[in-house]
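Computed from a prediction, not measured in an experiment: that's the story for all the values here. Within every chain, numbering begins at 1; the chains are lettered A, B, ... in the order of the sequence lines, protein sequences first and strands thereafter.
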Protein chains: 2
Amino acid sequence: MSSGSESGPQLCNCLALRQAARQATQLYDRHLAPAGLRTTQFSVLVNLRRLGPMTINRLAQEMAIDRTTLGRNILPLERDGLIAISQGTTDKRRKELALTQEGTARLRRAAKFWSNAQADFEAQFGVKRAAALRAELREVAVIGVRQ
Amino acid sequence: MSSGSESGPQLCNCLALRQAARQATQLYDRHLAPAGLRTTQFSVLVNLRRLGPMTINRLAQEMAIDRTTLGRNILPLERDGLIAISQGTTDKRRKELALTQEGTARLRRAAKFWSNAQADFEAQFGVKRAAALRAELREVAVIGVRQ
DNA sequence: TGACAAAAGGTGCATATGCACGCATTGTAC
DNA sequence: GTACAATGCGTGCATATGCACCTTTTGTCA
């Protein structure tokens with residue numbers, strides 16, 4: 001190959017996405033640390049509050065994450081009493097995830113830190129620029145859904 | 001908060017980045033699978049070919065990845081004989097990573113699949129649009145470096 | 001109703017990620 | 001030359017990620 005993978009200025013879309021995601025995750029995680037939550041955990045709680053109780057499959061679809069990954073991500077949250085997992089009544093296969101009171105409280109505390117992280121990010125990257133970036137990233141996420 | 005984390009259209013930059021990175025990773029990994037390489041592993045090999053033999057710290061810095069993460073990522077590559085790890089002569093702390101012949105061969109095989117992945121991605125997202133996105137993502141990665 | 005497809009979820013395996021902490025080696029100053 | 005900082009790397013711990021494969025439970029249709 002004359003090599004399409006030479007990468008001074010990073011030609012691989014996937015790599016560029018992963019690097020950026022790693023850096024952003026570190027930034028947000030640092031901010032969220034005082035609340036005892038990781039970025040992923042925070043987003044699980046946020047989505048449960050936003051959409052109400054629901055099953056693992058549904059939430060996974062909502063978060064564009066693999067079902068089995070989410071199934072494991074929620075375990076620490078249950079262990080810490082932030083969410084409750086109950087078996088479905090009509091459909092015994094289902095497991096309903098619901099935010100607990102403690103989870104709600106933790107989420108409230110964490111929200112402040114998340115805002116700080118978001119502000120930190122956007123102070124460096126630009127508010128409008130970030131909004132535009134998110135719009136593009138949404139399109140990228142959709143690509144995956146179609147596969 | 002009146003809630004900055006409501007996320008129909010995803011307001012969290014970090015989450016947007018992670019979701020997009022996950023989807024892209026799945027796409028690229030599917031394409032690279034026949035070569036027996038993950039996206040991360042492919043990029044390690046690419047960087048070693050591009051920059052020549054070097055230490056873990058140096059490569060980690062080059063790839064904008066945590067040193068300890070990279071230290072573990074290279075283990076499967078060494079196990080499979082794609083890279084060689086040798087102790088430094090002048091400085092005994094150092095470990096030099098180098099592409100082996102087998103690694104070079106594997107990389108050559110994988111390059112084709114990577115091109116397919118890249119083409120697949122850009123056919124859906126747009127070539128110029130992808131280039132613009134990468135440029136923005138590079139800026140995001142730089143934010144992390146400054147912390 | 002009995003066979004079979006479809007859906008919800010779990011598990012094993014392998015890798016990816018990074019923080020806190022520790023160990024050995026090297027560089028530096030006095 | 002010795003104390004001490006700095007550097008290069010490893011480990012323990014916890015979480016994140018997803019594929020292949022499996023079990024249980026529902027839905028469907030003849």
With the criterion being N/O to N/O and under 3.5 Å, what pairs connect the protein with nucleotides 5-9 of chain C, and how long is each?
{"residue": "C:dA7", "atom": "N3", "partner": "A:Arg93", "partner atom": "NH1", "Å": "2.7"}
{"residue": "C:dG9", "atom": "OP1", "partner": "A:Lys95", "partner atom": "N", "Å": "2.8"}
{"residue": "C:dG9", "atom": "OP1", "partner": "A:Lys95", "partner atom": "O", "Å": "3.4"}
{"residue": "C:dG9", "atom": "OP2", "partner": "A:Asn57", "partner atom": "N", "Å": "3.0"}
{"residue": "C:dG9", "atom": "OP2", "partner": "A:Asn57", "partner atom": "ND2", "Å": "2.9"}
{"residue": "C:dG9", "atom": "N7", "partner": "A:Arg67", "partner atom": "NH1", "Å": "3.0"}

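For the segment residues 69-80 of chain B, the set of residues with a heavy atom within less than 4.0 Å of an atom of DNA chain C comprises B:Thr69, B:Arg72, B:Asn73, B:Pro76, B:Arg79, in numerical order. Using a 4.0 Å cutoff on non-hydrogen atoms, no part of residues 32-41 of chain A comes near DNA chain C. Scanning residues 81-90 of chain B for heavy-atom distances under 4.0 Å to DNA chain D yields an empty list.
The salt bridge (charged side-chain N to carboxylate O under 4.0 Å, His left out) check on B:Arg72 picks up nothing, with sequence neighbours excluded. With sequence neighbours left out, B:Asn57 forms a side-chain hydrogen bond (donor to acceptor under 3.5 Å, both in side chains) with no residue at all. Among residues two or more places apart in sequence or in another chain, the salt bridge (charged side-chain N to carboxylate O under 4.0 Å, His left out) test is passed with B:Arg38 by none. Here B:Arg109 pairs with nothing under the salt bridge (charged side-chain N to carboxylate O under 4.0 Å, His left out) rule; sequence neighbours left out. Annotation: salt bridge (charged side-chain N to carboxylate O under 4.0 Å, His left out) contacts of B:Arg106 (sequence neighbours excluded): none.
Applying the 3.5 Å distance criterion, the base of C:dC19 shares a donor-acceptor pair with the side chain of B:Thr68.
Sequence neighbours left out, the pairs with a member in residues 53-68 of chain A that pass salt bridge (charged side-chain N to carboxylate O under 4.0 Å, His left out) are A:Arg58-A:Glu62. Residue pairs satisfying the ring pair (Phe, Tyr, Trp, His ring centres under 6.0 Å) criterion with at least one member in residues 85-109 of chain A, sequence neighbours excluded, are absent.
Within the 3.5 Å criterion, the main-chain N or O of B:Asn73 finds no donor-acceptor partner in the side chain of B:Gln41.
Phosphate contact (OP1/OP2 of C:dG18, side-chain N/O of A:Arg30, threshold under 4.0 Å): absent. In this model, the phosphate group of D:dA16 is not approached by any side-chain N or O of A:Arg22 to a distance below 4.0 Å at OP1 or OP2.
In this structure, B:Arg18 atom CZ and C:dG18 atom C1' are separated by 11 Å, rounded to whole Å. When the P atom of D:dA16 is taken as reference, atom CD1 of A:Ile65 falls 8 Å away, rounded to whole Å.
Between B:Leu97 and B:Thr55, the closest side-chain pair of non-hydrogen atoms is not below 4.5 Å.
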List the atom pairs, donor and acceptor, that lie under 3.5 Å between side-chain atoms in residues 75-89 of chain A and the rest of the protein, sequence neighbours left out.
{"residue": "A:Gln87", "atom": "NE2", "partner": "A:Lys92", "partner atom": "O", "Å": "2.9"}

